[in-house]
J.: 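Questions regarding the structure given below will be posed in turn.
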Amino acid sequence: MSYDNNNIFAKILRGEIPCKKIYEDKYVLSFHDINPQKKIHALVIPKGNYIDLDDFSEKASPEEMVGLIKGINKVAKKLKISVDTGNGYRALANISEHGGQEVPHLHFHLFGGERVGKMVE
Ligand code: 5GP
């Protein structure tokens, strides 16, 4: 499967669709989920065109990998849900069909601001 340039997150990255931005740097963009499932529901996406975590693991540079992981931590700090600024959170990436991924651009969901509950329904 090849990357779909017209997926909704690609459009957000190009500025064609607005988002409620939380954080941005060279490697990541973070914004609030349009349909929040918890008090805080943020998305963190790499700026590169990667379909999912497997694609990212195979093709991204070490700098992009570090950038994404660090980006998640920066967003968590900014939202005051990181271990040092708050009470923790859940980071979750859905991967492809069985993972329930809807948007084919790699993204991590960050859920927090309250107890997140059971890991899998
Ligand atoms: P997935 O199921 O692919 O892991 O998650 C996709 C997420 O993207 C969903 O939680 C959904 O609410 C969110 N989403 C879909 N379209 C938009 C949009 O246009 N803007 C924002 N901010 N979030 C979106």
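Both ligands and their constituent atoms are indexed starting at 1 by order of listing.
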J.: Name the closest protein heavy atom to atom 23 (N) of ligand 1, giving the residue it belongs to and the distance to 0.1 Å.
T.: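 For atom 23 (N) of ligand 1, the nearest protein heavy atom is Ile34 N, 3.3 Å.
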J.: Look at atom 8 (O) of ligand 1 and say which protein heavy atom is nearest, naming residue and atom and giving the distance to 0.1 Å.
T.: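 Nearest neighbour among protein heavy atoms for atom 8 (O) of ligand 1, to 0.1 Å: Phe9 CZ, 3.4 Å.
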J.: Donor-acceptor pair, Glu58 side chain versus Leu53 backbone, under 3.5 Å?
T.: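 Such a contact is absent between Glu58 side chain and Leu53 backbone.
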J.: Under 4.0 Å from any heavy atom of His109, which atoms of ligand 1 are there?
T.: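 Those of ligand 1 that fall under 4.0 Å from His109 are 1 (P), 4 (O), 5 (O), 7 (C), 10 (O).
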J.: Do Leu110 and Tyr23 share a hydrophobic cluster (ILVMFWY, side-chain heavy atoms under 4.5 Å, transitive)?
T.: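 Yes, same cluster.
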J.: Among all protein heavy atoms in this structure, tell me which lies nearest to atom 10 (O) of ligand 1, with the distance rounded to 0.1 Å.
T.: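 Nearest protein contact, heavy atoms only, for atom 10 (O) of ligand 1 is Asp33 OD2, 2.5 Å.
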J.: Is it true that Glu64 and Lys47 have a side-chain N and a carboxylate O under 4.0 angstrom from each other?
T.: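 Answer for the salt bridge query: no.
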J.: Any heavy atom of Gly100 sitting closer than 4.0 Å to ligand 1?
T.: yes
J.: Please write down residue, atom name and distance for the protein heavy atom closest to atom 6 (C) of ligand 1.
T.: His107 NE2, 3.6 Å
J.: Once rounded to the nearest 0.5 Å, what's the spacing between atom CG of Asp52 and atom OH of Tyr3?
T.: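 Here the rounded value is 11.5 Å.
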J.: If the cut-off is 4.0 Å to any non-hydrogen atom of Asn35, which atoms of ligand 1 fall inside it?
T.: 12 (O)
J.: Please answer whether the main-chain N or O of Val75 pairs with a side-chain N or O of Ser30 as donor and acceptor at a distance below 3.5 Å.
T.: no
J.: In ligand 1, which numbered atoms sit nearer than 4.0 Å to a non-hydrogen atom of Asn94?
T.: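 Atoms satisfying the 4.0 Å criterion: 1 (P), 2 (O), 4 (O).
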J.: Strictly under 4.0 Å, does any heavy atom of Gln37 approach an atom of ligand 1?
T.: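 No, Gln37 has no heavy atoms under 4.0 Å from ligand 1.
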J.: Considering only non-hydrogen protein atoms, determine which one is nearest to atom 3 (O) of ligand 1 and report residue, atom name and distance to 0.1 Å.
T.: Glu102 N, 2.6 Å
J.: Any chance you could measure Ile95, atom CD1, to Gln101, atom CD, to the nearest 0.5 Å?
T.: 7.5 Å
J.: Given Phe9 and Phe31, is the ring pair (Phe, Tyr, Trp, His ring centres under 6.0 Å) satisfied, shown in steps?
T.: CA-CA 10 Å; Phe9 293 169; Phe31 46 92; 5.5 Å; yes
J.: Do Glu114 side-chain atoms and Lys39 backbone N/O form a donor-acceptor pair below 3.5 Å?
T.: yes
J.: Suppose I only count heavy atoms of Gln101 and a 4.0 Å limit; which atoms of ligand 1 are within that range?
T.: 3 (O)
J.: Please confirm whether Val103 comes under 4.0 Å of ligand 1, counting heavy atoms of the residue only.
T.: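 Val103: in contact with ligand 1 (<4.0 Å).
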J.: Indicate yes or no for a side-chain donor-acceptor contact from His107 to the backbone of His105 under 3.5 Å, with no hydrogens or angles considered.
T.: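 Checked: pair present.
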J.: When you measure from atom 22 (N) of ligand 1 to every protein heavy atom, which one gives the shortest distance, and what is it?
T.: His32 O, 3.0 Å
J.: What protein heavy atom sits nearest atom 19 (O) of ligand 1, and how far off is it?
T.: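 Answer, as residue, atom name and distance: Ile8 CG1, 3.6 Å.
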